[in-house]
Amino acid sequence: MRSSLFRAIKTLNNSASCSHLLRRGYGSEAVPDRKVAVLGAAGGIGQPLALLMKLNPLVSSLALYDIANTPGVAADVSHINTRSEVKGYVGEEELGKALEGSDVVIIPAGVPRKPGMTRDDLFNINAGIVKGLCEAIAKYCPNALVNMISNPVNSTVPIASEVFKKAGTYDEKRLFGVTTLDVVRAKTFYAGKAEVPVAEVNVPVVGGHAGITILPLFSQATPKANLADEEIQALTKRTQDGGTEVVEAKAGKGSATLSMAYAGAIFADACLKGLNGVPDVVECSFVQSSVTELPFFASKVRLGKNGVEEIIGLGPLSDYEKEGLEKLKPELLASIEKGIKFANN
Ligand SMILES: NC(=O)c1ccc[n+]([C@@H]2O[C@H](COP(=O)([O-])OP(=O)(O)OC[C@H]3O[C@@H](n4cnc5c(N)ncnc54)[C@H](O)[C@@H]3O)[C@@H](O)[C@H]2O)c1
Ligand SMILES: O=C(O)C[C@H](O)C(=O)O
């Protein structure tokens, strides 16, 4: 998936590769127009994500919205000679125009962590931001696929679902918590430890997106490697603490932005491919789910023309993973319930 996106970007202006792109659903004649809106587009994630979405040949219209600074970001990105037309929107009065006609809405709006904070510490500010943005989505583009990046994802996704329910627009197939960065990290860390080519690595990551709720399934990682139990445990912990590793390294200047923009671009690209009917598009995401008794859960999801086409089960787990799954459930449920309660108050 990752390599196919960037191969397509590289070959976008190369007519010699046109038949290859058309076959894969990348050529502009073969794919429909798609509008993508980024909410929080002037932020640490928003800016590089805007760049990556501008490079995506599946996008015909790119709407960049923020409460400040979007005209500059939009003017800058708009000079790149790729397919999409870019428009910047600033301030709440322009939010409706930014959203109208969107096929995919990506939300990285909200405050990031500082050292010593948990993602849940962001709830008080970000819950309100997400609620307001989702009310506007329900009004202006109720059929869009929503890619929620704002933390705490374990709560912001349930908030979005309740806002959409209240507006009468909720479709559980169209709401996604973006957990792709956990998968990106798990792949990178596994490749390093197992000494296998990173481009070939696949690792499902299930559960949620905070601390122990992030459960990488290294027993299912490919290519297979004979790692010791202690090595698997260390890889699991590093994946769970990946966000904190970056927050501490940035020392008060925010959290992951560049790797998140990359992960967000991968996930949005998968959504667009699904909408365009490309078969077998599978990514992990935090969605409404019956894979466990929890109402929302991240697992592998097949994406299609209506969003979630199939939620793929967990598959066989090691004893260590089974234990991790039971341990994460109370925390994940509490975060989900906190979001639901907030949205209904
Ligand atoms: N899901 C993940 O894996 C993941 C990874 C990294 C960061 N995050 C989260 O993404 C969020 C953004 O992180 P960042 O580093 O880009 O932060 P940032 O502060 O650099 O940028 C946030 C942007 O949101 C904008 N914003 C605030 N309120 C808004 C509103 N009502 N409407 C539109 N825009 C608004 C701000 O003006 C700012 O430009 C944080 O909550 C962070 O925790 C999630
Ligand atoms: O750790 C954070 O606060 C940001 C994000 O959720 C991440 O995983 O990098």
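Counting starts at 1 for both ligands and their atoms, in listed order.
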**Asked** In ligand 1, which numbered atoms sit nearer than 4.0 Å to a non-hydrogen atom of T257?
**Response** 15 (O)
**Fill in**
Note: ligand 1 atoms sitting under 4.0 Å from heavy atoms of L122 are 43 (O)
**Request:** Identify the protein heavy atom lying closest to atom 19 (O) of ligand 1, giving its residue, its atom name and the separation to 0.1 Å.
**Result:** P112 CD, 3.5 Å
**Prompt:** With atoms numbered from 1 as shown, which atoms in ligand 1 lie under 4.0 angstrom from a non-hydrogen atom of Y65?
**Reply:** 32 (N), 33 (C)
**Prompt:** Just by distance, with hydrogens left out, do H209 and D182 show a side-chain donor and acceptor under 3.5 Å apart?
**Reply:** yes
**Asked** What residues come within 4.0 Å of ligand 2, counting heavy atoms only?
**Response** R113, R119, N151, L181, R185, H209, G243, S255, A256
**Prompt:** Under 3.5 Å, N or O to N or O, is R113 touching ligand 1 that way?
**Reply:** no
**Asked** When you measure from atom 40 (C) of ligand 1 to every protein heavy atom, which one gives the shortest distance, and what is it?
**Response** V111 O, 3.2 Å
**Fill in**
If you scan protein heavy atoms around atom 22 (C) of ligand 1, the nearest is G110 O, 3.2 Å
**Prompt:** Would you say E162's side chain and I340's backbone share a donor-acceptor pair under 3.5 angstrom?
**Reply:** no
**Prompt:** Tell me, which protein residue and heavy-atom name are nearest atom 27 (C) of ligand 1, and how many Å apart are they?
**Reply:** I67 CD1, 3.8 Å
**Nitrogen or oxygen atoms of M260 and ligand 1 under 3.5 Å apart** = no
**Message:** Quick one about S219 and E321 (side-chain donor to acceptor, distance below 3.5 Å, no hydrogens or angles considered), yes or no?
**Reply:** yes
**Message:** Are any of the N/O atoms on L133, whether in the backbone or the side chain, positioned under 3.5 angstrom from an N/O atom of ligand 1?
**Reply:** no
**Request:** State whether the shortest distance between N or O atoms of V153 and N or O atoms of ligand 1 falls below 3.5 angstrom.
**Result:** no
**Message:** I'd like to know whether ligand 1 has G254 as a neighbour, heavy-atom separation below 4.0 Å.
**Reply:** no
**Message:** Keeping S285 on the side-chain end and G177 on the backbone end, is there a donor-acceptor pair under 3.5 Å?
**Reply:** yes
**Request:** Please confirm whether the backbone N or O of F296 pairs with a side-chain atom of Q288, one donor and one acceptor, at under 3.5 Å?
**Result:** no
**Request:** Run the numbers for me: atoms of ligand 1, each under 4.0 Å from some heavy atom of N126, listed by number.
**Result:** 41 (O)
**Prompt:** So is A256 close enough to ligand 1, meaning a heavy atom under 4.0 angstrom away?
**Reply:** yes
**Request:** Only one of R238, R185, K250 passes salt bridge (charged side-chain N to carboxylate O under 4.0 Å, His left out) with E245; say which it is.
**Result:** R238
**Item:** Proximity flag P108 to ligand 1, non-hydrogen atoms under 4.0 Å
**Value:** yes
**Asked** Among protein heavy atoms, which lies nearest atom 10 (O) of ligand 1, and at what distance?
**Response** I45 CD1, 3.3 Å
**Asked** Of V38, I137, I129, N126, which meets side chain to side chain contact (heavy atoms under 4.5 Å, CB included) against I107?
**Response** I137
**Item:** Protein contact of atom 39 (O) of ligand 1 - nearest heavy atom, named by residue and atom, plus distance
**Value:** D66 OD2, 2.7 Å
**Request:** May I ask you to identify the nearest protein heavy atom to atom 44 (C) of ligand 1, giving residue, atom name and distance to one decimal place in Å?
**Result:** I149 O, 3.0 Å
**Message:** Going by the rule side-chain hydrogen bond (donor to acceptor under 3.5 Å, both in side chains), which residues pair with T244 if we only count those two or more places apart in sequence or in a different chain?
**Reply:** R113
**Prompt:** Got the closest protein heavy atom to atom 8 (N) of ligand 1, with its distance?
**Reply:** N151 ND2, 3.4 Å
**Message:** Check this for me - ligand 1, M148, N or O atoms closer than 3.5 angstrom, yes or no?
**Reply:** no
**Prompt:** Can you find a pair of side-chain heavy atoms, one from R83 and one from P57, that are under 4.5 Å apart?
**Reply:** no
**Request:** For I129, take its heavy atoms, then give the atoms of ligand 1 lying under 4.0 Å from any of them.
**Result:** 28 (N), 29 (C), 30 (C), 31 (N)
**Request:** Return yes or no for this condition: an N or O of G44 is under 3.5 Å from an N or O of ligand 1.
**Result:** yes
